Every structure is written in structure tokens, then in C-alpha cells.
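The model shown is predicted, which means the values in this text are computed figures rather than measured ones. Any value given below was found using the heavy atoms of this structure, including those in side chains, with hydrogens, waters and symmetry copies removed. A note on names: the letters A, B, ... follow the listed sequences, proteins ahead of strands, and every chain is numbered from 1.
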2 protein chains.
Amino acid sequence: MDKVLRILHMLQKIPQAPGKITIAQMLEHLSANGYNIARRTVERDMTGLSTVFPITDDETRPAGWYYTGDVGRWIFPALNATEALTLKLVQQYLTDLMPASVLNNLAPFFSQAHQEIAAMDDNTLQQWPNKIASVPASQPLLVPIIKTDVQMAVSQALLENKQLRLLYQSREQTEPAERIVHPLAMVSRGGLIYLIAAASAELDSIRLRLMHRIHVAEKLEAPSIRPEGFDLARFIDDGFLGFGQGRQLVLKVLFLKETAAHLYDTPLSTNQTIEEYDQNRVLVTATLADTQQLTWWLLGFGDKVEVIEPLALRQKFADIAARMSQNYQPVIPTDKPVSQTS
Amino acid sequence: MDKVLRILHMLQKIPQAPGKITIAQMLEHLSANGYNIARRTVERDMTGLSTVFPITDDETRPAGWYYTGDVGRWIFPALNATEALTLKLVQQYLTDLMPASVLNNLAPFFSQAHQEIAAMDDNTLQQWPNKIASVPASQPLLVPIIKTDVQMAVSQALLENKQLRLLYQSREQTEPAERIVHPLAMVSRGGLIYLIAAASAELDSIRLRLMHRIHVAEKLEAPSIRPEGFDLARFIDDGFLGFGQGRQLVLKVLFLKETAAHLYDTPLSTNQTIEEYDQNRVLVTATLADTQQLTWWLLGFGDKVEVIEPLALRQKFADIAARMSQNYQPVIPTDKPVSQTS
DNA sequence: CAATTCGCGACATGAATTGTCGTCGGTATA
DNA sequence: TATACCGACGACAATTCATGTCGCGAATTG
């Protein structure tokens, strides 16, 4: 039994492909956990494990051991029904919303769930896709593909505070350009993942870069410098991502009754109230942040909502509505100027 | 080494709290995997494991063994930087979009990631929240709370094809009502999770129920009946969820240039094209499904877009725009009829 | 080139694992 | 209710298997 425990410790300590662990390190780790063991034993255990698990040592001296490729993480206990279902649900949910390469990292977890369900006796497996689904709540857009090696390099550099050499293809330019940057943070928003980084030349200029536009990323050895006082939350709130936090406002909006139905289940804020207004409409009141999403969200309802307060917002909507109806003045576009540039 | 493998097999086979496994079953499982082992050995191993892992047997005869609670029971190899980061990202991403009780099931995975990062030498841990964030792409709504036990009972019934007794609080009624239902599927959409089920009385009437509106759920022993030919995908496409798939259409829309910027990164469809139209605008063409989300999404841009084709959609937008500007006619709402019902 | 360090085969010791058997207490069956 | 049955568990002996030690050769480091 003692050996089993020790082996488990070892299995946990062995890293994946980019990393490696030497016998000496492992020995240290074990003795730190109270295993007084001979070096030879560790060696034997490692070679033993490598015959059974996808574990190899590079042929250097001292040897470094690591998991090769995809670790079938089959070492953990059975998931229960809820967990398996949840994982499936989340997987479907994320598939439309996250770059594939990001999800690939989670693949082992998901496949575990899959196997779990597959193992359940009867024909549960076949019925599977018929039992669970995820419907996108907003217009599904195609998510870009992020290169796996880019993702890896950036993640590592970010965690280890190292500089990065990037080949970045900006939208404006035709050719990718090389840049040395100090990575600061990674932010995901609706299928896109942004790398926030400072240029090595001028540390003050913090820029956003889209992960999928990075052609090549190489982690450098030079440590990265974080501008003093850089605060990610504030950075986002300040609207650098185009979606600032804005200040709180008290919103009063008229909704068609059926349109407001879902607000009973997913309220806008904790203090949201919904009152009868007239035959067809209800008045929704809530305190929330004045963001661009809010405008976007409210606009989405078209003529089914009417903003009452704050007045500034009402004015904004009135303007938009006016311009919109203007846009559609010739409802049937009489002339079709599909020419290039006016 | 042989024993280690065997124990690993055993650890995997032990289920969690609601489930259990007997020595006999375990023995069978092992011998099915090529371990010719004495029953006594299995017994000894189990008691051995129970001293080291959160494993107990209920005191019945034959004894059933199971994992107690959700202790850190995940024994798998070290996550690499990318995986750890990804998990964190996904966690943040999901927090705003999924009911907490659903996410709780994933907690072990996430905490593993957390520990992984915490274990990295220096002060990586403290810098953590400063390095990763997820910005909601649309208006964040408060997601309802689903009871854990309800979630469990429903999941199990769904997987095992059993009937369910529900205490369901519909929006219309003040008192929750008891129902016996045959669960068919679970569908998540934007923070809400729906249970699709047929009433036991009339199997043809398939209804949607919101998971968080279920007060009590009890899995019954009686097997559930799936209406013949029930097809979840078709069910959704047919619009029962309010978001039907609709048929394909060729969309032509004018966008303000800066508004269309993100379409370069997250296109609407694989065949999307973006052409210069005039000084300020581009013409976006794409083939996609005519869904309500599409309308919603396009409306969200307000006067920044103009639908050109199909004409029916243009007409629809023209109408909406007209009514909207009508709504805001008295831009400053002169009289404020905050009375109850007209 | 010398001094370590590392990997690994060999081997003896002993600890730990395993199968068998028998008893006891509870459970199912007639 | 009696009887047969089954599962759990202690005891014990056999032996496998795991462990520490030693030493050699190769590789690495200074």
C-alpha cells in the first residue's frame, strides 16, 4: 500500500511534454513528503512506470522524465451522472464560443465524461446526443483558430513572466511583423482571446493583440517587466477593450410583456423590479453599469422596448431610432450602388 | 508494479456518493481486466484504500463502497501551463453564464488548476487575477440558482431513463405543483437550463421546464418512455425553444467600417465577404440561418447597420425602425403615466 | 584530465502481498 | 422459524516482490 501511494505521488509530479523532471528532483520531492527511499528505487519505479504509462525519458544525462503527448488521464475515479452530464453540457456550450485550440486542452476531461457515459450499461450512449444540447444565446459567429504552439508559448511566458517574440499579423498590414513584447494578461471576450502586452521598446505603450493573429510565438529567457501599477481590472474598466465598465445608472425601460418574460428568470440586477404599466407593457427598473453591451442589448429588442430613463439614454435611443428609420427610407432600395468607393 | 496498476483500476471504478460498488462487482471488473486475484485480496485492498482515500463502505451486506464527499480526489498528472491557464479562463468565462450549481460539479477540475498554479514557485499566485480575465460579450444577466439535489436527480433520471416526480413552480401560478414526468433532454441556453419532458398523463405533450423553477425532484423507479421519433435537434430547430433554426438565407448588410471590424476575426459564415461600399461603409455578404438571434444581433447595432437583402428582412427592419422612432416621438416623455394598468 | 555524477545490473535480505482456510454474523429461502 | 447461504474478516504460511547496497562503466563537469 505504501508503494501505491508513493507511485501516485510520482505520477502527479511528472510534467507534460515541454517540462521534465529528473530522478534527483523526484527523490527530493518524495523525501519532502516523508518517503525515505533509496535513489535506486526511484529509478526502478520510473522505468517501471514508463512501461505502463506514456512516460519517457529524454536521453540526456541526468535524464528528464515527462508524459509524452496526450495523457489519457485515466487515473481518476468515476464521475457521477451529474458531473458527466455537466461536462457534456459545458463542452457543447463552449464549442461555439471558444477557440478550438483552447478547448483541446480540456479534451481529456471531456473524453473522460464521454467514456463514463459510454460505460453505462445499455444503449445510453446512442441516445446521448438526443438528451443534451446547448443553444447559443446570441448570434453564433465563427471563432478563429489559435495555433496550439502559440497558445502554449504565450501561456508559459505569461505564467513565468518571460518576454515573448511574436510574429504578428495586424489587420492593417499585409505582412506579419516581428515584435518583442512583455506579456501582461490574457483576456477572452466572445470567442476572441486578446493578449495584453507592452512593447519592449516603449514599456508604457500597452497594446492588445489577438491571439489568432499571432503566427509565431517564442518564449524568451529574458524576464518580462510589468509596468508598475498595472491593474487588469482597471484596465478593462477603463474601456481599453472597447467595453468599459461605465458608472452605475438607474435604468427604466418599458418592455412588451412577453419580451420581458425572461427577465423574471434572469434579472438584470438584484434590485430589479417589474411593474405592470399598461395593457401590453411592463416597466422594468434596475440599477446597473452603463456599458456598451447594455445599449447593444436593449437595441436588440427593437421596437419592443422603450427606454424611459435616464434621459440621456432615451435621447440616445431616440437618435438611433431616427437615423435607423431614415436609413430605411426607401424601403425597397431603388438604386443599388454596388460600385466600389463613391 | 502489478499491484499499483490494479489499485488504479480500482480507484477508477469506485463511484461517488449516490452510487456504490460491491466487492463482487469489483472482483468481476478486475478479472475482466485480466487480474486473476483472490477475493480476499480485493477486500484487503479496499479497506486499505479506505484508510488513505475518502472511501467508505456502507454497513450493509454485501458492503457497498463509494467515495465520500468531494474531497480532492483527483489523482492526475501535473497540468501544464496552458492547461492551467485554459481552465482558469474557462472558469471565469463560465461563471457569468452558467448556474453556480452546474459549475460546482466542475470545481474539482478548476481547483486542480488553481493548485497547479499555486505550486509554481514565486509569487505567481498573487499575480494571478491580474493576468487573466473574461469580459462578457453581451449584457450579463444574473443567472438563477439551481438546487444541487434537483440537478442530481434530474441528471440521473435522464441518464437512466427513469421517471421524475417534480415540484414545479411555474411562472403563472403562485403555488408549486406536483408533476410526474418522463425526462427527455436537458438544454442550456444563456444561463438557463431547460428540462424537456413529457407529462406522464399525456405522453404527447412535451413541455419545457426551467431547472431552477423545480423545487424538488425525485427520481422514480418506473422507467421513462420516450415518444417515438423524438429528435432533440429537430425539436430545437422547430423552434420550441423560441429560437428556431429557420432556413438559410443570403444576407447583405451595410456596416459602418469600424463596426464591421470584428467580422474580420469572427466571420458570420465561412463564405462571408466584405467589400468596400462607400466612404464609411462596407457591404457584408454571408449565407446563414434565418434565426431570431440574427435579427436580435443586427438590431443591436442600431443605426450602424442597414440590411439590404433579403428584402423581407429589410422590410422587417424598416418596420421596426419606424415603430421605434415613433416610440420615441416625444423624446422627453412629457407625461409619465406610471399608473397601474390603463 | 580528474572528479563527480548518473544509470543500471547484480544480489541478498526482508517486508509486504497473496491465496487458502475457517469462523462468525447476518441475510435470503423454503 | 429453521436452514442454507453468503459475505466479511482474522490467521497463517508461502513466496513473490520490492528494497537497499554495492560496483562498474559511461557521461558530464570543472
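- Relative to the six-membered ring of B/Tyr168, B/Arg209 meets both conditions, a distance below 6.0 Å and an angle of at most 45° to the axis.
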Contact list (N/O, under 3.5 angstrom) for nucleotides 12-14 of chain C vs protein:
none

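- Sorted by first and then second residue, the salt bridge (Lys or Arg N to Asp or Glu O under 4.0 Å) pairs with a member in residues 16-38 of chain A read A/Lys20-A/Asp58; sequence neighbours excluded.
- For B/Thr86, the side chain to side chain contact (heavy atoms under 4.5 Å, CB included) partners at least two apart in sequence or on another chain are A/Val102, A/Asn105, A/Leu106, A/Gln151, B/Thr82, B/Val90.
- Among residues two or more places apart in sequence or in another chain, the side-chain hydrogen bond (donor to acceptor under 3.5 Å, both in side chains) test is passed with A/Asp57 by none.
- No side-chain heavy atom of B/Ile214 sits under 4.5 Å from any side-chain heavy atom of B/Lys147.
- In this entry the distance linking NZ of B/Lys3 with C1' of C/dA15 reads 12 Å, nearest Å.
- You'll find the side chain of A/Val216 stays beyond 4.5 Å of the side chain of A/Pro176, heavy atoms only.
- When each of B/Glu43 and A/Pro62 is assigned the nucleotide of DNA chain D with its nearest heavy atom, B/Glu43 is the one assigned upstream, toward the 5' end.
- In this structure B/Gln91 satisfies the side chain to side chain contact (heavy atoms under 4.5 Å, CB included) test together with B/Lys88, B/Thr95, B/Phe110, sequence neighbours excluded.
- Residues B/Leu166 and B/Ala217 share a closest heavy-atom pair of CD2-CB, 3.8 Å.
- The CG atom of B/Leu5 sits 17 Å away from the C1' atom of C/dT18 (whole-angstrom rounding).
- Residue B/Arg44 places a side-chain atom within donor-acceptor reach of the base of C/dG19, judged by atom type and a 3.5 Å distance cut-off alone.
- Each end of the helix from C/dC1-D/dG30 to C/dA30-D/dT1 yields a helix axis from five base pairs, and these two axes differ in direction by 50° (to the nearest 10 degrees).
- Residues A/Lys131 and B/Leu232 are not in side-chain contact: their nearest non-hydrogen atoms beyond the backbone lie 4.5 Å or more apart.
- Protein chain A contacts DNA chain D from D/dA18 to D/dT28, reading 5' to 3' and using non-hydrogen atoms of the protein with a distance under 4.0 Å.
- Contacts with DNA chain C (heavy atom under 4.0 Å) in residues 20-42 of chain B: B/Asn36, B/Ile37, B/Ala38, B/Arg40, B/Thr41, listed by number.
- Between the B/Gln163 side chain and the B/Pro223 main chain, a donor and an acceptor come within less than 3.5 Å of each other.
- The side-chain heavy atoms of A/Phe230 and A/Ile196, taken from C-beta on, include a pair separated by under 4.5 Å.
- Mapping A/Asp2 and A/Trp65 onto DNA chain C via the closest heavy atom, the residue that lands nearer the 5' end is A/Trp65.
- Residues forming a side chain to side chain contact (heavy atoms under 4.5 Å, CB included) with A/Lys162 (at least two apart in sequence, or on another chain): A/Ala157, A/Glu160, A/Lys219, A/Glu221.
- With contacts defined as side-chain heavy-atom distances shorter than 4.5 Å, the pair A/Lys3/B/Lys3 does not qualify.
- Side-chain nitrogen and oxygen atoms of B/Arg6 include at least one within less than 4.0 Å of the OP1 or OP2 phosphate oxygen of C/dT18.
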Using residues 35-42 of chain B as the side-chain source, report each donor-acceptor pair under 3.5 Å to any protein atom, sequence neighbours left out, with the distance given to one decimal.
residue	atom	partner	partner atom	Å
B/Arg39	NE	B/Glu43	OE2	3.2
B/Arg40	NH1	B/Glu43	OE1	3.1

What protein N or O atoms touch nucleotides 23-28 of chain C N or O atoms at under 3.5 angstrom, if any, and at what distances?
none

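- The two atoms that bring A/Leu11 and A/Tyr67 nearest to each other are O-OH, 3.0 Å, heavy atoms only.
- For the salt bridge (charged side-chain N to carboxylate O under 4.0 Å, His left out) test, no residue two or more places apart in sequence or in another chain qualifies with A/Glu228.
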